[in-house]
Amino acid sequence: MSNIDERRVVVTGLGLCCALGDNVSECWNSAVNGISGIKKIKSFSTDECYANLGAESHIPSKELSGEDYDRSSLLCIKAAGEALADAGYDVSENPDRIGVIVGNCVGGAASIDVYYTDEMKNGGGKSKDILKMTASAIANNVAKHFGMNGVTANIVNACAAGTISLSYACDLIRAGKADAFAAGGSDSFTSLAFAGFHALHALDENPCSPFNNSHGITLGEGAGVLIIESYEHAKARGAKIYCEILGSGVSSDAHHITAPRPDGEGQMLAINRAIKKSGLEPNDIDYINAHGTGTAKNDEAEFLSLHTIFDGNDHLSVSSTKSMTGHCLGAAGSIEAVLTVKAVCENVVPPTIGYTEENLVTLKEKAGNIDFVPNKKREKTINYAASNSFAFGGNNASIVFAKEPRVIPDNTNSERIFITGIGEIVGKNRVEITSDDYKEHGIKMAFWRKLDRFSQLQLVGGMRALHDAGIAIDDNNSADIGIIIGTADGPLTEIVNFQKNVIEHGTASGSAFSFPNTVYNAAGGYFSIFAGIKGYNVTNANGNQAGLQSLCYAADVLRNGDESIMVAAGVDECTDVTEFLYGRLGLIDRGITLGEGSVSLILETEKSANSRNAKKYAELCGWANAHKSVEFGSVGGTESAVEKAVKDACAAAGIKTDDIDLVSGFANGDSENDALQNSVFAKLFAEKTVLDVKDEIGEARAAASAEQAAKLAQTLSENESYKYALAVSVGSGGQVSAAVLKKIG
C-alpha cells in the first residue's frame with residue numbers, strides 16, 4: 001500500500017431529501033438550475049407571525065420507512081437508504097464495521113409537540129412519543145433499520161452538526177475503528193425552531209437572500225447522508241468513488257451564544273485548520289459551499305472570513321445553496337456536503353439565487369476577487385472544494401473534498417494521555433447550586449441568569465475541572481483546548497417548556513430569552529464563552545453512556561493531534577419535566593432513582609501535562625465504543641456489544657480482561673439494565689471488585705457515566721491495591737463505551 005493510500009477516506013454513496021426533491025438527482029437538478037424549494041408553510045399555523053415561508057419536504061412521514069419514529073429519524077433513514085443503495089453497500093457482510101453518525105439540532109421536537117398537544121389538550125400524551133423526543137434516538141434508529149452495529153453518535157452542535165458528523169466519521173475511519181459510516185445530518189421542520197427564530201426576529205419575510213439583502217433566514221428541513229469508507233475497503237469491494245475527503249477543522253468562537261464573532265476569528269480557525277490538514281493552501285480551493293444563512297451578522301462575518309483567507313485566490317467561487325434549500329439546521333452541513341460532492345464530480349457550481357440587477361451592482365463592489373455565482377450556475381473545473389458550517393454556541397466546522405487523492409499530513413501521535421483534572425457537581429435527585437458555586441469561579445450573576453439549569457450544571461462542573469487541573473486560559477493556549485460534552489437528554493426541560501408555551505399561545509409567542517437554551521450545544525457554548533476555550537467543541541447526545549463516550553471522543557481528538565488538552569464531560573438534569581417523563585415511561589416504578597449533574601475530566605497529552613508539571617490522577621490507556629442495534633428504550637440483548645467494547649478497550653491498552661483489578665459498572669436499579677451488567681460481569685469479571693456509582697448518585701445518565709471514570713481515576717491515585725481499572729457504560733438502544741485507566745507509576 002502506498003503512502004498516499006494510507007489515510008484516504010472516500011465518498012462512495014450519496015442520499016438526499018429536502019424541499020428541492022426526494023433524492024439526490026432531483027435535488028441536484030433543482031440546485032444547479034436555481035429552482036427554490038421555499039414556499040408558504042403548511043406544517044403548522046403561522047397566524048400572527050411576521051413571516052410565513054419555509055422550505056418543507058413534501059414527503060409525508062407515513063410514506064417514509066413506515067416505522068413509528070420521529071420525523072427526524074424517518075428523513076435520515078430515507079437518505080441513508082438511498083446512500084447505501086447508491087454505494088452498493090451490503091451491511092450484512094460485516095455489520096460491526098459500519099456505523100452511523102448523525103448531526104441534528106432540534107432532536108424529536110415534532111414528537112414533543114405531538115405529546116404535549118395530547119397532554120395539554122386531550123388529557124394524556126402517549127408514552128411511545130416520549131422515546132422519540134431526544135436526539136439520542138436518531139442514529140440508533142437508523143442503525144437498527146439497516147442492521148448496522150458499528151459506532152453510533154448523534155452530533156448535536158446545531159447548524160454545524162452535519163459537517164462535524166462527517167469530520168468525526170473520517171477521524172474514526174483513519175484511526176482504524178471502522179471501515180465505513182453512514183454519516184450526515186437530519187432535521188425536521190418544527191414549530192419550535194420556527195417560533196424560536198421568529199422570536200429572535202431572525203426570519204426573512206421573503207425567501208432568504210444570503211450575501212445579498214441579508215434580512216434573515218428561511219428555515220428548511222431534510223436529510224443528507226454520505227457513505228464514507230477507507231479507500232482500502234472501498235477498493236476491496238469494487239465500489240465506485242465519487243471523491244476524497246481530505247481534512248476538516250472544528251473550532252469555537254467563545255464569543256456569544258447566538259451571534260458570530262464579528263472579526264470571524266473562530267470561522268477562520270476552522271477553515272484554516274481544514275485547509276492545513278488537507279495539505280493545501282488557500283489558493284488551491286476552487287469552490288466553497290458557504291454557510292450563507294442570510295442574516296446580516298452571519299453574512300458579514302463570513303464575508304470577512306472569506307476575504308481575509310482567500311483574497312489572493314483569483315479563481316474561487318462561493319455560493320450558498322440555502323437560498324434554495326432554506327436553512328436545514330442540523331442537516332444543513334450534510335445537505336451542502338452532498339451538493340458539494342456533486343459539484344466536484346460534475347464541475348458545476350450551483351448558484352446563490354435572488355439577486356436583482358441592482359443587487360448585482362452592490363455585489364460587484366463588495367465581492368472583490370471572489371465569484372459569488374449569482375443566479376446562474378457556473379461551469380468550471382473543481383479540484384478542491386470546501387463546505388463551511390457555523391452555529392449557535394459559536395461552533396464552527398469546515399471540511400474539504402477533492403477530485404483526486406493526495407498525501408495529507410499525518411499529525412497523529414502515540415503520546416500517553418492523562419487525566420489531570422476532575423470537576424464534579426452530581427448527586428441523587430436535584431443537586432443544590434448556591435451562590436457560592438458560581439462565585440467560586442467569578443461567574444457574574446448577569447451571565448449566570450442567561451443559563452438554563454443544564455448549562456449551569458456544565459459551567460460549574462467544567463470550571464471546577466479546569467481549576468483542579470490548574471489550567472489558566474489565555475490567548476496563547478485558548479485554541480489548543482477543546483471540549484466534548486456527552487448527554488442523554490440535553491436541555492429537555494427548556495425544550496419542553498418552550499414548546500408547551502407555543503402549543504398554548506401560538507407560534508408567534510416563542511420566547512427570545514429561552515430559545516437559545518433549547519439547543520443541545522448551548523451548555524458547551526456558554527462554557528466556552530466563559531472559559532475562553534476556542535478549540536474543538538462538540539456535544540454528543542447518545543444515551544446514558546454519552547459521558548463516558550465523551551472521554552473516548554476527547555481521547556481521539558488528542559490522538560489525532562488536533563488539541564493538547566480536552567475537557568470531557570457528561571451532563572444531564574433532573575427537573576419536574578424529567579421526573580414526569582421518566583415516570584410516564586414507568587422507569588421510576590421499576591427501581592430507578594434519578595440523579596443529575598455534570599462531571600468534567602481534563603484529558604491531556606503527556607507533553608502538555610509534563611510542560612505544566614501537572615498532577616496526574618491516572619493514565620487513559622485504552623478506550624472503545626461498540627453498538628448492538630436494539631429498540632431505543634431498551635438495553636436487553638446487547639451483551640455482545642458490552643463484551644466487545646470491554647475487550648477492544650483492553651486490547652487498545654495492551655492488556656487482557658484478567659488484568660483488570662477494579663470495574664465501574666452501569667447498574668441503576670432497573671431489572672433489565674442490571675441483568676445485563678450481571679450477565680457480562682459474571683463472565684468477564686467474576687472475582688473483581690465492582691463499583692456501582694449510581695448507588696450513590698442515582699441515574700444521572702451521562703453525568704453518571706462520566707462519574708464512573710472520575711471515581712476510578714481518584715481511586716487509582718489514592719489506593720495502592722489497583723493497577724488497572726475499567727469503566728463500562730450502556731445507553732438506551734445498545735450504545736456502549738468502555739475505558740481502561742492505569743495507575744501512575
Side-chain angles (χ1 to χ4, degrees), residues 14-44 46 49 51-61 63-64 71-72 74-76 78-79 82 105-106 110 159 162 184-191 193-194 197 202-213 215-225 289-295 319-343 348-355 373-377 387 389:
L14 301 173
L16 180 56
C17 58
C18 64
L20 298 186
D22 298 349
N23 53 57
V24 172
S25 178
E26 290 178 5
C27 293
W28 175 247
N29 183 64
S30 295
V32 294
N33 288 297
I35 299 171
S36 176
I38 297 172
K39 297 179 174 60
K40 189 173 180 179
I41 293 169
K42 297 181 180 179
S43 299
F44 48 80
T46 56
C49 295
N52 63 4
L53 298 177
E56 300 165 289
S57 167
H58 72 274
I59 312 172
S61 293
E63 293 182 11
L64 291 166
R71 183 168 174 82
S72 286
L74 296 174
L75 289 169
C76 200
K78 168 76 167 59
E82 182 187 6
C105 180
V106 300
C159 309
S186 178
D187 253 318
S188 60
F189 202 88
T190 66
S191 58
F194 186 90
F197 282 101
L203 299 173
D204 197 332
E205 298 177 47
N206 300 304
C208 64
S209 189
F211 302 128
N212 186 15
N213 296 317
H215 292 158
I217 69 172
T218 302
L219 287 172
E221 72 170 344
V225 174
N289 192 313
H291 186 53
T293 62
T295 66
S319 66
S320 172
T321 48
K322 287 185 179 73
S323 59
M324 297 169 281
T325 66
H327 192 342
C328 299
L329 302 178
S334 58
I335 288 173
E336 288 150 20
V338 172
L339 296 176
T340 304
V341 168
K342 289 292 289 181
V348 177
V349 177
T352 307
I353 66 170
Y355 287 89
V373 199
N375 295 336
K376 294 183 180 181
K377 66 185 179 184
S387 182
S389 298

Visitor: Without swapping roles, check the side chain of T218 against the backbone of C208 for a donor-acceptor pair under 3.5 Å.
Guide: yes
Visitor: Roughly how far, to the nearest 0.5 Å, is CG of L20 from CD of E26?
Guide: 10.0 Å
Visitor: Of the non-hydrogen atoms in L329 and C105, which two are nearest, and what is the gap between them?
Guide: CB-CB, 3.8 Å
Visitor: Just how far is it from atom CG of L74 to atom CD of E63, taken to the nearest 0.5 Å?
Guide: 12.0 Å
Visitor: Between NZ of K322 and OG of S36, what distance do you get to the nearest 0.5 Å?
Guide: 14.0 Å
Visitor: Under the criterion side-chain contact (heavy atoms from CB on, under 4.5 Å), I'd like the reasoning laid out for W28 against L16: C-alpha separation, chi angles, the key distance, then a yes or no.
Guide: CA-CA 9 Å; W28 175 247; L16 180 56; over 6 Å; no
Visitor: Please name the pair of heavy atoms, one in C27 and one in C17, separated by the smallest distance, quoted to 0.1 Å.
Guide: SG-CA, 4.4 Å
Visitor: Can you check whether N52's main-chain N or O pairs, donor with acceptor, with T46's side chain at less than 3.5 Å?
Guide: no
Visitor: Does any non-hydrogen side-chain atom of P351 lie less than 4.5 Å from one of S319?
Guide: no
Visitor: Would V225 and K78 count as a side-chain contact (heavy atoms from CB on, under 4.5 Å) here? Give the steps.
Guide: CA-CA 9 Å; V225 174; K78 168 76 167 59; over 6 Å; no
Visitor: Indicate the atoms forming the closest heavy-atom contact of S209 with G354, along with that distance.
Guide: OG-O, 4.1 Å
Visitor: Once you round to the nearest 0.5 Å, how far does OG of S61 lie from CG of L75?
Guide: 6.5 Å
Visitor: How many angstroms lie between CG in L339 and OG1 in T325, if you round to the nearest 0.5 Å?
Guide: 7.5 Å
Visitor: Quick one: are N212 and T352 in side-chain contact, heavy atoms under 4.5 Å?
Guide: no
Visitor: Please find the pair of heavy atoms, one from P210 and one from Y355, that lie closest to each other, and give the distance.
Guide: O-OH, 3.6 Å
Visitor: Under 4.5 Å between any side-chain heavy atoms of L64 and R71, yes or no?
Guide: yes
Visitor: I'd like to know if the side chain of S30 reaches the main chain of I35, judged simply by a donor and an acceptor atom lying under 3.5 Å from each other, with no hydrogens or angles considered.
Guide: no
Visitor: Side chains of P350 and K377: closer than 4.5 Å at any heavy-atom pair?
Guide: no
Visitor: Cut-off 3.5 Å, side chains only: do T295 and T293 have a donor facing an acceptor?
Guide: yes
Visitor: Could you tell me whether the side chain of N23 and the main chain of S25 form a donor-acceptor pair under 3.5 Å?
Guide: yes
Visitor: Using side chain to side chain donor-acceptor pair (under 3.5 Å) as the criterion, list what pairs up with S57, not counting sequence neighbours.
Guide: none
Visitor: Would you say D187's side chain and V106's backbone share a donor-acceptor pair under 3.5 angstrom?
Guide: yes
Visitor: Partners of K342 by salt bridge (Lys or Arg N to Asp or Glu O under 4.0 Å), sequence neighbours excluded?
Guide: E346
Visitor: Quick one: does any side-chain atom of S186 pair with a main-chain N or O of S72 as donor and acceptor, under 3.5 Å?
Guide: yes
Visitor: When you look at C159 and H327, which way does the side-chain contact (heavy atoms from CB on, under 4.5 Å) test go after all the steps?
Guide: CA-CA 8 Å; C159 309; H327 192 342; 3.3 Å; yes
Visitor: Minimum heavy-atom separation for S387 to G333, with atom names?
Guide: OG-O, 4.3 Å
Visitor: For the residue pair I38 and A55, what are the closest heavy atoms and their distance?
Guide: CG1-CB, 4.1 Å
Visitor: Passes side-chain contact (heavy atoms from CB on, under 4.5 Å), D204 versus L53? Steps please.
Guide: CA-CA 8 Å; D204 197 332; L53 298 177; over 6 Å; no
Visitor: To the closest 0.5 Å, what do you measure between CZ (F197) and CD1 (I217)?
Guide: 4.0 Å
Visitor: Would you confirm whether S334, through its side chain, and G162, through its main-chain N or O, come within 3.5 Å as a donor-acceptor pair?
Guide: no
Visitor: Measure the acute angle between the ring planes of F194 and F189, then classify it against the limits of 30° and 60° as parallel, tilted or perpendicular.
Guide: tilted
